[in-house]
Amino acid sequence: MGCKTVCMDGVGPRKTKVMVIGEAPGATEDEAGVPFIGRSGKLVRDALLNAGIDPDTCYITNAVNCRPPENKTPTSAQIRECRRWVQERIKQVKPKYVLLLGNVPMESLLGFTGIKKARGNPIERDGIIYLPTYHPAYVLRDPRAEAPFTADLKLFARIIREGGMPAEEDLNVVLVNSPSKIRQMLDDLKGTVSYDLETNDLYPWDVPLTPKEIASGVPIPNKKQIVSLQLGTRKAQYIILLNHPENPVPFTEDEKQDLITRIDKRMRNCYIVTHNGKFDALWMLVHFGVRWFPSFDTMLAHYILDENSLHTLKVLPQVFLGAMPYDINVEEKKGGGSLPAFIKYGAKDVYYTRKLRFVFGKMLDEDTAVKRVFEEILMPCVELFVEAEYHGVYIDTERMDEVEIYLQEKIDEAEVELNRYSSKVVWDTSTKSFVDRKTVAIGDIGVNKRSQYQELNWGSSQQLGAFLYNYLKLPIIEKTEGGAPSTSESVLLRTDHKIARALLDYRAAQKQLTAFIDGWRRYLVDSRLHPSFKLHGTVTGRLSCENPNLQQVPRDPKIRTLITAPPGWTMIEADLSQIEMRIAAELSGDKALLEAYRLGIDVHWLTAMREIGRAGAMKDEVIATVEALTQKKGWSFGDAIDELIRIGPKAAEAIGKEMGIPWKETRKKAKAINFGYLYGMWWKKFRIYARDNYGVDITDLDAQNSRIAYFELYSDLPQWHNRQRRKARVDGYVRSLTGRKRRLPDAVRNDGSYDAQAAERQAINSPVQSFANDINLMAAIQLRKEFGPDVLHIVGTVHDAILFEVRNDMIEVIYKRILEVMSRPELFDVFRIRLSVPIEAEASIGPWGAGVDLETWRAKQRPAVRTPPMRPAKRPVGKRRLAM
DNA sequence: AACGGGAGCGCG
DNA sequence: AAAGCGCGCTCCCGTT
């Protein structure tokens, strides 16, 4: 077979209880003639040790014992050839427990494949217990396989410890289908109660079909339903089949509502435990109007204890409780399978959720700072975001329709222009190239998706790349990570051909239409979107948002102002001003930054002016602006720069607008420099950034000097960077000011690898980003508490900003309070946070992205009050005129 | 037919 | 040799 070692032997005691069987020798093993010594082998040994199994007591071998050609996965024939040998070894070693690593040993010894389904499920044959799990090489390739892999080894260890197949859990499943069972359940609802829902969709609202969908004949979706409710107590797991199609004795709607009301009364006195309870609480609120908020959520607990790994209930019971896998498929969860399997699954979910609460509770007790974040921020946010999602965000649907038409026209225009360039050719899908249209019969072009010849699809980067660089023969400017010629915006901006402009227009309009207008429609219910916020969505503590993502709405007012408030209410957006820079100032103790903030100087502006001063750029503009603002002549460049720093960006931008000087752009550019250098950007990237965003071609030397100058200006930053890097290397984690941990195992390697360096940069960024987010969340929690839903709704957060819907008569009061709370939330006291840098917030009133500050807003209100109607008003007296 | 990765691009 | 961080959505395309 072309390998060095033929029929490689296993290693370990020739008679032992435990055997581990891998796939086949790799190159390393083949060379040395010993199995399990490469990266995969090491992973297995470490994993065994971690699970409490000494690898030296195991007999370790492979299912195929010669290295297959080119290190390929062994074929069935090769497996068959070696099977006799492996079985021989099993007879000699006489193991009681055999761990099978991947498909190959599973096929060899159990006779079937499909490791994804089979893993974690022990099988007993001829008195031997086989446990299949992933092959370590797969775990090395795909980090998502790590959790199930360690879970399987934990189960393997449990089987060895207990001396046989794992005992069934002490479940006590009660199907609640009679008055006596209901009474039994209600009596038992006390103390710690877990609950969980199975639903037939993730979005709890029925969404009407759009006209487009109706026209295209899509099937009418199922009505959104809660399939079942499960409750877990110390004694039992109660299953309530609210809408399971196989339920032989269904409840009437009245009975359901009545039952939920009775449970609700009991739940008020319980300690409620959930796994991702934000989901279940939202559904209960939408479908039954009850507020079943958790006191303890196991998903969020695991998230705060280990932000890096998966938090799904699929693996946590296996990892922390040595459970066997018990997941069923999605269709079964929606009620499309057998009832007994469904009931068992539902029971285990609440059983294990309740058990995990105690495990994670203990783990949280070991780190009071982390526990405080969990209790004071994460858990309160569950309620806050259930309400935010329930309420939703209001959309100006009339204008949305207009914008849709406008964008479609834009796309059509761009396509007409683009097609002018490509009219002579068609795309040949077999050769991935363009051929002369005349050589192809018209009837052969794009008949269906499978046709060999297709019209050029401008949305395909593969086709576009071939068109630009093979057909038009334009020079390749950059390649993508995957090696294909790039057609990105950055490249197109540097492409010297008229087609580039049309492509950019096409892409921009296409993106806005598909991602935002079309993308929103399927979530639109009574003019509102109900995005889902993930409290566990990022490794830093920020939230993520999806379905749709409110946090990526373009700043383009065309799109952003579609998000607004309904009549009688007004949108207020409030954000923490330059918050990350302020936190960096605080954490680094940088004297220049702290002094700037103490004096109320805008740091992005400061950086901009210093950079201009250093490079000697924009001399005329600087002096002209200062002359105009001070009404004095004869400024030197240096003095003018200092004066401009003192004056600040607001005044400069205003007068710049009149004089045609882009001070606003200048500040924006500096903002990117600040963030870039602050978080470890290198001068090379700065050069690229300057080119792509501002069309400025600076030299390498200039780029290097700008970086040097930056750290001369903020000269305490490098020491802070080094502190963070060292902490990550030594401790394996860094913390934010609220106590959140960012675990960085890659930094511990300290081997200068790309991953290690990336981890060190994360050690700098994480505490900053994380604390900024926590301030924002603290303020949101407090403002929700201070103002009830009769006057204020939080509709979402965007990292350092909060979006509110405020009742019109409360705008002034709430606006002022928002700014106070955001600049110092009361939770600072609980966390004993005292900052030396001032925190400031800004807010704007009106549709998102087009709001104004309070003063401007007031000025707009006056005419409405001062000018009484000529005729007596028909409107009821006392009702104020609507704003906006 | 469903899934997953890559490319590209929207945001803070 | 490599050196901002953190996300989600749409599309295409290859894979199962």
Side-chain angles (χ1 to χ4, degrees), chain A residues 114 116 142 144 307 329-330 427 429 432 449 454 457-465 478-492 503-504 507-508 510-520 522-523 531-534 536-556 559-560 575-576 578-580 584 671-686 688-689 707 710 721 724-725 742 752-770 772-773 776 796-801 848-849:
Chain A
K116 275 215 157 98
D142 191 345
R144 283 170 307 180
E307 74 284 0
N329 70 44
V330 186
W427 174 244
T429 57
K432 307 279 179 207
K449 297 223 154 137
Q454 300 285 348
N457 178 353
W458 296 104
S460 160
S461 40
Q462 189 184 52
Q463 293 179 34
L464 183 56
E478 257 176 44
K479 291 202 172 176
T480 67
E481 215 161 302
S486 170
T487 66
S488 69
E489 181 175 314
S490 146
V491 165
L492 291 176
L503 278 168
L504 289 169
R507 279 218 186 123
Q510 184 76 22
K511 173 88 182 178
Q512 289 196 341
L513 184 67
T514 57
F516 303 104
I517 307 285
D518 287 348
W520 288 355
R522 69 184 128 120
Y523 299 105
S532 177
F533 291 86
K534 272 180 161 158
H536 63 296
T538 75
V539 288
T540 59
R542 273 189 179 180
L543 313 191
S544 70
C545 179
E546 59 187 4
N547 307 323
N549 183 352
L550 191 72
Q551 297 175 331
Q552 62 173 168
V553 177
R555 304 187 72 159
D556 184 338
I559 305 289
R560 195 166 264 206
D575 70 284
L576 294 159
Q578 302 170 55
I579 189 63
E580 291 199 16
K671 193 173 166 180
I673 296 175
N674 272 331
F675 286 129
Y677 286 151
L678 180 62
Y679 296 136
M681 185 171 67
W682 211 233
W683 60 265
K684 275 206 168 162
K685 183 140 183 187
F686 170 69
I688 293 166
Y689 177 84
R707 190 168 188 280
Y710 184 86
H721 283 182
Q724 292 305 110
R725 290 176 195 276
R742 174 80 180 98
S753 65
Y754 182 84
D755 287 349
Q757 291 182 44
E760 290 186 3
R761 291 194 297 275
Q762 288 162 355
I764 295 164
N765 169 276
S766 274
V768 179
Q769 196 184 100
S770 181
N773 163 72
N776 202 49
T797 58
V798 192
H799 310 310
D800 61 359
W848 197 19

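Only heavy atoms go into these numbers, but all of them, side chains included; no hydrogens, no water, no symmetry mates. Naming: A, B, ... by sequence-line order, numbering from 1 per chain. Just so it is clear, the structure is predicted and the values come from calculations on it, not from any experiment.
A:E760 comes within 4.0 angstrom of no nucleic acid atom, judged by non-hydrogen atoms across all strands. Residue A:V539 is classed as a sugar-phosphate contact, given heavy-atom separations below 4.0 Å to backbone atoms only. At the heavy-atom level, A:R761 lies under 4.0 Å from the strands shown only through sugar-phosphate atoms. Residue A:D518 is out of contact with every strand shown, counting any heavy-atom pair closer than 4.0 Å. Across all strands, A:G465 comes closer than 4.0 Å to no nucleic acid atom at all (heavy-atom distances). Base contact: A:Q769 has a heavy atom under 4.0 Å from a base atom. Across all strands shown, A:D575 has no heavy atoms under 4.0 Å from either base or sugar-phosphate atoms.
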All N/O pairs under 3.5 Å across the protein-nucleotides 1-6 of chain B interface:
from  : atom 1 : to     : atom 2 : distance (Å)
B:dG5 : OP1    : A:R144 : NH2    : 2.9

Contacts under 3.5 Å, N or O only, protein and nucleotides 9-11 of chain B:
from   : atom 1 : to     : atom 2 : distance (Å)
B:dC9  : OP1    : A:E489 : N      : 3.4
B:dC9  : OP1    : A:R507 : NH1    : 3.0
B:dC9  : OP2    : A:E489 : N      : 3.0
B:dC9  : O2     : A:K511 : NZ     : 3.0
B:dG10 : N2     : A:Q552 : NE2    : 3.1
B:dG10 : N3     : A:Q552 : NE2    : 2.8
B:dC11 : OP1    : A:R555 : N      : 2.8
B:dC11 : O3'    : A:R560 : NH2    : 3.2

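Here A:W848 pairs with nothing under the ring-ring contact (aromatic ring centres under 6.0 Å, His included) rule; sequence neighbours left out. Scanning for side chain to side chain donor-acceptor pair (under 3.5 Å) contacts around A:T429 gives an empty result, with sequence neighbours left out. Under the ring-ring contact (aromatic ring centres under 6.0 Å, His included) criterion, A:F533 pairs with A:F385, sequence neighbours left out. Partners of A:Q724 under the side chain to side chain donor-acceptor pair (under 3.5 Å) rule, at least two apart in sequence or in another chain, do not exist in this structure. Residues satisfying the salt bridge (charged side-chain N to carboxylate O under 4.0 Å, His left out) criterion with A:R144, sequence neighbours excluded, are A:D142. A:R725 is linked by a salt bridge (charged side-chain N to carboxylate O under 4.0 Å, His left out) to A:E760, counting only residues two or more places apart in sequence or in another chain. Under the side chain to side chain donor-acceptor pair (under 3.5 Å) criterion, A:S486 pairs with A:S488, not counting sequence neighbours.
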Seminar exercise, completed: Intra- and inter-strand pairing of DNA chain C, written as dot-bracket with Watson-Crick and G-U pairs under 3.5 Å and | for the latter, reads ....||||||||||||
Problem set entry | Residue pair A:R507, A:K511: steps toward the side chain to side chain contact (heavy atoms under 4.5 Å, CB included) verdict | CA-CA 6 Å; A:R507 279 218 186 123; A:K511 173 88 182 178; over 6 Å; no
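Going from atom CD of A:Q454 over to atom OG of A:S460 covers 11.0 Å, rounded to the nearest 0.5 Å.
Here B:dG12 presents its P atom at 14 Å from CZ of A:F533, a figure rounded to the nearest Å. With rounding to whole Å, A:Q578 atom CD is found 15 Å from B:dG12 atom P.
A:Q551 places a side-chain N or O within donor-acceptor distance of the main-chain N or O of A:T797, the cut-off being under 3.5 Å. The backbone N or O of A:L678 sits less than 3.5 Å from a side-chain atom of A:H721, completing a donor-acceptor pair. Between the side chain of A:R560 and the backbone N or O of A:V553, at least one donor-acceptor pair lies under 3.5 Å.
At a threshold of 4.5 Å between non-hydrogen side-chain atoms, the residues A:N457 and A:W427 do not count as touching.
Listed by first and then second residue, the salt bridge (Lys or Arg N to Asp or Glu O under 4.0 Å) pairs that reach into residues 536-552 of chain A are A:K534-A:E546, A:R542-A:E580, sequence neighbours excluded.
First and last contacting nucleotides of DNA chain C toward chain A (any atom under 4.0 angstrom from a heavy atom, 5' to 3' order): C:dA2 to C:dG14.
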